[in-house]
Every structure is written in structure tokens, then in C-alpha cells.
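Have a look at the structure below, then the notes.
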Amino acid sequence: MSLQFGPEYVRALAPYQGGKPIAEVAREFGLDVSTIVKLASNENPLGMPASARQAMLDAMADIGRYPDANGFDLKAAITAKYGVPQDWITLGNGSNDILELAARAFVQPGQSIIYSQYSFAVYALAAQAVGARSLVAPTVAYGHDLDAMAAAVTGDTKLIYVANPNNPTGTFVTAAAIEAFLGKIPPQVVVVLDEAYNEYLPAEVQYESIGWVQRFPNLLVSRTLSKAYGLAGLRVGFGIAQPGITDLLNRIRQPFNVNSMAQAAAIAALNDTEFLHKSAALNAAGYAQLTTEFDALALEYVPSYGNFVLVRVGSDDGAGARVNLALLQQGVIVRPVGNYGLPQWLRISIGLPEENAAFIAALRRALA
Ligand SMILES: *Cc1c(COP(=O)(O)O)cnc(C)c1O
């Protein structure tokens with residue numbers, strides 16, 4: 001028998017599948033890099049804010065030194081913006097880091113983690129990486145069924161992931177529903193409320209999750225600089241929770257998990273409300289542009305609160321892969337979601353108006 005390393009649950013892990021890189025598609029399909037449109041990873045089509053670029057240039061002079069392991073200035077910026085004490089903040093190498101730290105800090109092999117069907121792929125990976133049992137709650141209308149999630153709690157449940165808005169479906173649960181849900185969860189079960197797309201929410205549904213952190217010692221809210229703030233390549237996110245949770249996360253994280261350029265850029269971006277408003281407005285216009293076309297093509301889509309839309313491109317289980325390939329051949333990269341159990345659908349990140357138009361033109365040809 002050949003030598004096998006590590007526990008069975010690690011060997012059984014299937015790595016996260018990201019959006020296809022532009023250079024790879026260019027190589028595979030013999031296309032010019034400059035003609036390719038990538039709407040596959042929910043990135044901000046504006047790129048980074050100019051304020052963050054300048055902050056990074058300034059920070060570059062000190063790159064020979066280690067970063068501030070406690071991220072004092074970045075935490076101060078978060079404190080100023082959200083009104084939480086510094087010892088309620090955990091910085092992460094992307095919010096992905098926060099999601100994984102939570103599984104490592106609170107769950108032992110064999111204990112259970114709850115998340116929803118059709119929710120973010122990282123939850124399943126984080127659970128499996130620590131040898132946890134995943135309890136997957138069924139959805140309603142492609143979104144979180146919080147009642148089903150609360151009902152799934154068992155004696156050994158240690159962690160629950162809720163994405164609001166959810167990726168890849170774009171669904172949203174209201175503040176009232178989340179608050180009622182938090183009231184039902186046993187206090188020893190940690191709830192991670194993953195708000196990666198929070199900044200895109202229209203004012204009328206926006207809510208104050210930080211207030212819940214004050215009331216619920218078992219709540220961990222996670223935020224990212226990767227989406228509306230335009231810094232996906234830098235890897236910065238953060239978690240907000242009371243010290244009982246935050247202290248443990250900070251013990252197990254790498255000491256320098258957020259690099260110094262990223263800390264500097266994040267401070268600038270958090271303070272750049274103009275960029276944030278511009279990003280949200282561009283996203284709303286792009287959403288209207290795409291969904292108008294989907295309506296014209298009589299394609300079903302899930303109403304989205306994020307910077308992407310899930311659209312059904314056919315009624316057979318080969319449809320997603322087939323239309324995806326036809327789009328790739330035309331230099332348009334979107335995200336197939338067969339691995340989420342949605343083989344008839346594609347997830348389209350909202351781009352610049354001309355990128356959305358290029359996608360629509362390619363989609364029309366792909367469906368013809
Ligand atoms: C994109 C995304 C994240 C965050 O990604 P990071 O770049 O690691 O911050 C977290 N949760 C959801 C649901 C996402 O879609």
C-alpha cells in the first residue's frame with residue numbers, strides 16, 4: 001500500500017474553483033488578452049480606488065519591514081467607521097481568512113457546521129478542512145431558509161455560516177429575519193454573518209449588523225475590501241465580534257496575515273466614500289442593463305442584491321457548461337455554477353456598461 005499523509009477529510013478536499021484567469025482563456029482559445037471580458041469573480045469593474053493606489057505607493061518605501069502585526073492604524077479606521085472597540089476586530093487575509101479562522105477556532109473534528117444549500121463554496125471547504133460534519137439546510141427560492149437553518153442545530157453544532165447577500169445566488173434576507181434567527185440560536189453556537197456584498201445594498205434594505213454584535217456575544221460579522229472597495233488582489237477583510245470570539249481568532253491567525261501595503265490601501269479605501277458610492281451606482285445601472293436583456297430574452301434570473309446575477313441559460317443540465325463554453329470561445333469569462341448544484345445557471349458579475357454589452361452580444365450568439 002502506498003504511503004498516505006494526513007487525515008481522510010483533508011485528502012478528500014476538492015480545491016476551491018475560482019474564475020478562469022484572463023491569460024489562461026487567451027492561451028486556451030487563441031484570443032488576444034485585450035479583447036477578453038472577465039465577469040467571473042465579482043470584482044469591482046472600476047478596479048482599485050485612486051486613493052488606495054496612492055496609499056500603497058507611500059507604503060512601499062517601508063516594505064523592507066514587517067507589517068504592524070496588530071494593524072493598529074487599520075483597526076483605528078474600522079473603529080472610526082463602525083464605532084466598535086479595537087479588541088472587537090480581527091483582520092484577515094481577505095474575509096476568507098476570517099471564515100476559515102472561525103472554523104479552526106470553534107470546531108473540532110466530528111462536530112457540525114451549518115450552512116445553506118447554494119451558499120458560498122468556502123463554507124463547505126472550511127468545514128471539511130477541520131474535519132467537521134456539514135449540515136446543509138435546504139433553500140427557499142435559492143436563498144437562505146433561516147427557519148430551516150435554526151431547526152438544523154444539534155447538540156454538537158458549533159458554527160453557522162449565513163451569507164447576506166448570498167453568493168452565488170444574490171439573495172437577501174431582511175434585517176428582521178436575521179434578528180429573529182439570532183434570537184433562536186443557542187448562545188454557545190457561533191454565527192458568522194458574511195456580509196461581503198453589504199456595501200451594494202440599497203438604502204431601503206440596509207441594516208446595522210454591528211448593533212447585533214453588541215447584543216449577541218456569539219455573532220461574528222465579516223466584511224471584505226475585495227468587492228465594493230475594489231481591492232480583491234490585495235486580500236484584506238475583517239471580522240467584528242465581542243472579545244470572547246475575537247480573542248480566539250487573533251490567537252490562531254498568522255501574526256502578519258495582512259501585509260503592509262494592504263493595510264495602507266484598506267485605510268484609504270474605507271475612507272473613500274465617494275468611490276464606494278460610485279461603485280454602488282455603477283452596479284445598480286449594470287444590474288438594470290443585464291436584467292432588461294434577460295427579460296427581453298425571456299431568461300429566468302434570481303433577483304440579486306450583490307454585484308452579480310444568477311441567470312438560467314437553459315432547461316437541461318448541460319446548459320450551463322454549453323453556454324459557458326460558447327461564451328469563452330467569444331472571449332467572455334463568466335462563472336459556471338454546476339459545482340454548486342446549479343448546472344442550468346451561470347453567474348454573471350456586473351461589469352462596466354461596455355463589458356455588460358459585450359457579454360449580452362456574446363450570450364445572444366451563444367443561445368442562437
Ligand atoms: C467574495 C466573497 C467573500 C470574500 O472574499 P475575500 O476576497 O476573501 O474577502 C466572502 N464571502 C462571500 C459570500 C463572497 O462572495
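In listed order, ligands and their atoms are each counted from 1.
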With side chains defined as the heavy atoms from C-beta onward, is the minimum distance between L249 and F106 less than 4.5 Å?
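Result yes, sub-4.5 Å side-chain heavy-atom pair found.
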Any chance you could lay out the side-chain hydrogen bond (donor to acceptor under 3.5 Å, both in side chains) test for Q128 and Y123, step after step, and finish with the verdict?
CA-CA 9 Å; Q128 199 180 335; Y123 308 153; over 6 Å; no
Which atom pairs, nitrogen or oxygen on both sides, join ligand 1 and the protein at under 3.5 angstrom?
unit_1, atom_1, unit_2, atom_2, d
ligand 1, 7 (O), S226, OG, 2.6
ligand 1, 7 (O), R235, NH1, 2.7
ligand 1, 7 (O), R235, NH2, 3.3
ligand 1, 8 (O), S95, N, 3.3
ligand 1, 8 (O), N96, N, 3.0
ligand 1, 8 (O), R235, NH2, 2.7
ligand 1, 9 (O), S95, N, 2.7
ligand 1, 9 (O), S95, OG, 2.9
ligand 1, 9 (O), T224, OG1, 2.5
ligand 1, 9 (O), S226, OG, 3.4
ligand 1, 11 (N), D194, OD1, 3.1
ligand 1, 11 (N), D194, OD2, 2.6
ligand 1, 15 (O), N167, ND2, 2.7
ligand 1, 15 (O), Y197, OH, 2.5
ligand 1, 15 (O), K227, NZ, 3.2

Would you list the atom pairs, donor with acceptor, under 3.5 Å between side chains in residues 67-77 and any protein atom, with sequence neighbours excluded?
unit_1, atom_1, unit_2, atom_2, d
D68, OD1, N70, N, 2.9
D68, OD1, G71, N, 3.3
D68, OD2, F72, N, 2.8
K75, NZ, N70, O, 3.4

Check against ring pair (Phe, Tyr, Trp, His ring centres under 6.0 Å), Y207 and W212:
CA-CA 10 Å; Y207 58 88; W212 296 331; 5.2 Å; yes
Would you list the pairs meeting side-chain hydrogen bond (donor to acceptor under 3.5 Å, both in side chains) in which at least one residue belongs to residues 107-122, sequence neighbours left out?
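Matches after skipping sequence neighbours: S112-D156, S112-T157, Y115-S134.
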With side-chain hydrogen bond (donor to acceptor under 3.5 Å, both in side chains) as the rule and sequence neighbours excluded, what pairs involving residues 313-323 come up?
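Found D316-R322, D317-Q344.
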